[in-house]
Amino acid sequence: MSAGHGLTQQEGLLARGAVVPWQAGMDMRGWYPLFAQRDARTGEVSVCWRDLGQLPFSEPFFVNTLARQPHEERRVCHTPLAALATFDDGLSPDAFIFHVSRCGSTLLTQLLATLPQCVVLSEPPVIDSLLRLHHDDMPAGDSIALLRQAMLALGQRRTGGETHCFIKFDCWHIHNLALLRQAFPDTPCLFLYREPQAVLASHQRQRGPQMIPGMLHPALLPLPVHQLAPGDHDGYAGVVLSSLLAAARPHAAAGQLQLINYNQLPDMAWDQLLPRLRITVTAGQLQAMRERGGVHAKYGTAFHGDTPPRTASGLPGIAAQLQAGYQALEDLRLASS
């Protein structure tokens with residue numbers, strides 16, 4: 001499998017729908033960028049969009065909202081890169097959300113998504129596609145400009161009542177934090193993390209793409225040299241998680257990341273985060289947030305805690321090797337509180 005094959009295949013599935021020809025000056029309001037791609041023959045880069053109309057981003061992930069749209073309403077359009085620049089009035093992000101995966105980041109976005117004044121984009125694939133182009137051959141200046149334009153396109157105001165915007169990145173994007181921050185230098189960056197064994201156990205039950213060798217563009221997930229037995233997916237997950245913790249540490253030490261431990265959720269969302277971001281909520285909105293905090297972030301069912309790892313698992317030993325990286329973040333968080 002070629003690097004990133006699984007994700008680009010997903011992008012192809014998202015682009016299914018009635019094709020609307022692009023015309024210069026076309027009104028793109030209500031259209032959202034799905035991904036950017038380079039034509040292998042001409043070298044030209046284009047953007048694929050979907051018309052979402054008034055469909056709100058209320059599902060746990062951006063792609064879930066796309067999947068919820070009825071098939072007969074799906075319209076796609078392929079445009080030049082310049083079409084990204086037509087959304088200069090979009091909401092600038094109030095916060096970037098980075099994370100190690102399976103650590104409460106989806107819960108946080110779902111809490112924010114209950115607020116009608118907030119636009120919450122959870123892992124929009126256009127960001128990953130632009131980062132892949134950047135690491136292939138796109139100049140840094142062009143990449144920064146396109147990332148900024150794409151985020152403003154994602155932050156469209158559709159109802160007129162939206163005042164805040166949040167973007168949650170894929171977990172491996174912490175390795176590109178310096179580049180992403182240049183698109184919006186003043187945007188606060190959050191980083192959610194969790195005790196390593198719990199993260200690894202979650203991936204043991206259902207592995208994310210980053211925990212499967214060859215699924216991601218190698219430049220998006222730079223890993224140290226390692227020697228693992230073929231098929232040692234738990235060991236590989238440990239290497240990946242270690243890299244995410246290590247990538248966050250210097251930024252946190254420099255004060256560029258607000259650290260959030262899984263065990264602080266959900267209360268810190270309304271007790272600390274909303275006041276810090278100057279988001280005022282009504283009593284009813286706060287109640288809706290509290291109710292959403294009591295169910296499973298991804299499935300919306302009653303949450304009774306995670307299933308413990310298999311008894312024969314070697315996860316405790318792998319997690320022990322990551323404890324120092326986890327504790328370093330904990331020390332930084334506690335020192336700044």
Side-chain angles (χ1 to χ4, degrees), residues 57-58 60 62 90-101 103-124 127 147-148 151-152 154-155 157 161-171 173-174 176-178 180-195 244-245 247-294 297 326 328-337:
F57 292 100
S58 55
F62 185 93
L91 290 166
S92 296
D94 288 77
F96 289 153
I97 301 173
F98 295 89
H99 57 102
V100 299
S101 77
C103 59
S105 59
T106 302
L107 171 59
L108 178 58
T109 56
Q110 283 289 277
L111 294 175
L112 293 169
T114 65
L115 302 176
Q117 64 267 47
C118 292
V119 178
V120 184
L121 295 312
S122 183
E123 302 180 11
I127 302 297
L147 286 165
R148 179 179 177 84
M151 292 183 212
L152 288 173
L154 292 169
R157 297 178 175 92
E162 304 94 337
T163 55
H164 298 81
C165 178
F166 298 88
I167 297 178
K168 187 184 89 162
F169 297 96
D170 290 295
C171 66
H173 292 161
I174 187 63
N176 288 273
L177 175 62
L180 292 165
R181 288 188 71 241
Q182 290 182 70
F184 287 95
D186 298 326
T187 295
C189 297
L190 316 178
F191 185 76
L192 285 83
Y193 62 104
R194 188 181 184 184
E195 196 279 326
L244 302 179
L245 295 169
R249 182 177 178 181
H251 296 289
Q256 298 169 350
L257 286 174
Q258 178 185 347
L259 298 173
I260 301 174
N261 193 307
Y262 172 84
N263 60 27
Q264 294 178 269
L265 295 173
D267 295 39
M268 73 83 56
W270 47 79
D271 289 343
Q272 301 176 38
L273 191 59
L274 293 186
R276 181 190 175 196
L277 297 175
R278 299 177 181 177
I279 299 177
T280 302
V281 297
T282 66
Q285 291 171 348
L286 179 57
Q287 180 60 28
M289 289 186 76
R290 291 182 181 276
E291 291 175 357
R292 186 64 184 86
Y326 167 81
L329 292 181
E330 270 292 85
D331 292 343
L332 287 169
R333 180 180 68 86
L334 294 173
S336 64
S337 60

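Keep in mind that what you see is a predicted model, and the values were worked out from it rather than measured. These values consider heavy atoms only, across backbone and side chains, with no hydrogens, waters or symmetry-generated copies. Residue numbers count from 1 along this sequence.
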Original post:
How far does CG of Leu115 sit from OG1 of Thr163, to the nearest 0.5 angstrom?
Top reply: 9.0 Å
Original post:
Going through the distances and angles, do Lys168 and Glu123 end up as a salt bridge (charged side-chain N to carboxylate O under 4.0 Å, His left out)?
Top reply: CA-CA 5 Å; Lys168 187 184 89 162; Glu123 302 180 11; 3.2 Å; yes
Original post:
Just how far is it from atom CG of Leu112 to atom CG of Leu274, taken to the nearest 0.5 Å?
Top reply: 6.5 Å
**OP:** Working to the nearest 0.5 Å, report the span between CZ of Arg292 and OG1 of Thr114.
**Re:** 9.0 Å
Subject >> Audit row: Ile260, Arg194, side chain to side chain contact (heavy atoms under 4.5 Å, CB included) steps and yes/no >> reply: CA-CA 9 Å; Ile260 301 174; Arg194 188 181 184 184; over 6 Å; no
Subject >> Non-hydrogen side-chain atoms of His173 and Leu177 separated by less than 4.5 Å >> reply: no
**OP:** Take Gln264 and Arg333 through the test side chain to side chain contact (heavy atoms under 4.5 Å, CB included) and record every step on the way to the result.
**Re:** CA-CA 11 Å; Gln264 294 178 269; Arg333 180 180 68 86; 3.3 Å; yes
Original post:
Side chain of Thr187, backbone of Phe96: donor and acceptor closer than 3.5 Å?
Top reply: no
Subject >> Residue pair Asp331 / Tyr326, side-chain donor-acceptor N/O under 3.5 Å >> reply: no
Subject >> Pairwise distance CG(Leu121) to CG(Leu154) - rounded to 0.5 angstrom >> reply: 4.5 Å
Subject >> Test of ring centre spacing under 6.0 Å for Phe191 and Phe98 >> reply: no
Subject >> Side chain Gln285, main chain Thr282, donor-acceptor under 3.5 Å >> reply: yes
**OP:** State, to 0.1 Å, how close Leu265 and Met268 come at their nearest heavy-atom pair, and which atoms those are.
**Re:** CD2-CG, 3.8 Å
Original post:
Which pair of heavy atoms, one from Ser92 and one from Cys165, lies closest together, and at what distance?
Top reply: O-CB, 3.9 Å
Subject >> Qualifying residues under side-chain contact (heavy atoms from CB on, under 4.5 Å), relative to Ala252, sequence neighbours excluded >> reply: Leu257, Leu259, Leu329, Leu332
Subject >> Option among Leu192, Leu190, Asp170, Leu108 that satisfies the side-chain contact (heavy atoms from CB on, under 4.5 Å) test with His99 >> reply: Leu192
Original post:
Regarding Arg148 and the six-membered ring of Phe184, is the cationic atom NZ or CZ under 6.0 Å from the ring centre and inside 45° of its axis?
Top reply: yes
**OP:** Check whether any side-chain heavy atom of Phe169 sits under 4.5 Å from a side-chain heavy atom of Ile127, and report yes or no.
**Re:** yes
**OP:** Please report the shortest heavy-atom distance between Cys189 and Gln256, naming the atom on each side.
**Re:** CB-O, 3.5 Å
Original post:
Which residues satisfy the side-chain contact (heavy atoms from CB on, under 4.5 Å) test with Ser336, sequence neighbours excluded?
Top reply: none
**OP:** Specify the closest pair of heavy atoms between Leu107 and Pro266, including all atoms of both residues, with the distance to one decimal.
**Re:** CD2-CB, 4.3 Å
Original post:
So with a 6.0 Å cut-off around CZ of Arg249, is the heavy-atom count from everything else above 12?
Top reply: no
Original post:
What closest approach, in Å, do Ile279 and Cys118 show between heavy atoms, and which atom pair accounts for it?
Top reply: CD1-SG, 4.3 Å
Original post:
Would Ser122 and Thr109 satisfy side chain to side chain contact (heavy atoms under 4.5 Å, CB included), going step by step from the backbone distance to the final call?
Top reply: CA-CA 7 Å; Ser122 183; Thr109 56; 4.2 Å; yes
Original post:
For Asn176, which residues count as a side-chain hydrogen bond (donor to acceptor under 3.5 Å, both in side chains) partner, sequence neighbours excluded?
Top reply: His135
Original post:
Hey, does the side chain of Glu162 reach the backbone of Leu91 with a donor-acceptor pair shorter than 3.5 angstrom?
Top reply: no
Original post:
Hey, do the aromatic rings of Phe62 and Phe57 have their centres closer than 6.0 Å?
Top reply: yes
Subject >> Close side-chain approach of Val281 to Trp270, heavy-atom, < 4.5 Å >> reply: no
**OP:** Taking all non-hydrogen atoms of both residues into account, name the closest pair between Ser105 and Ile97 and its distance.
**Re:** CB-CG2, 4.5 Å
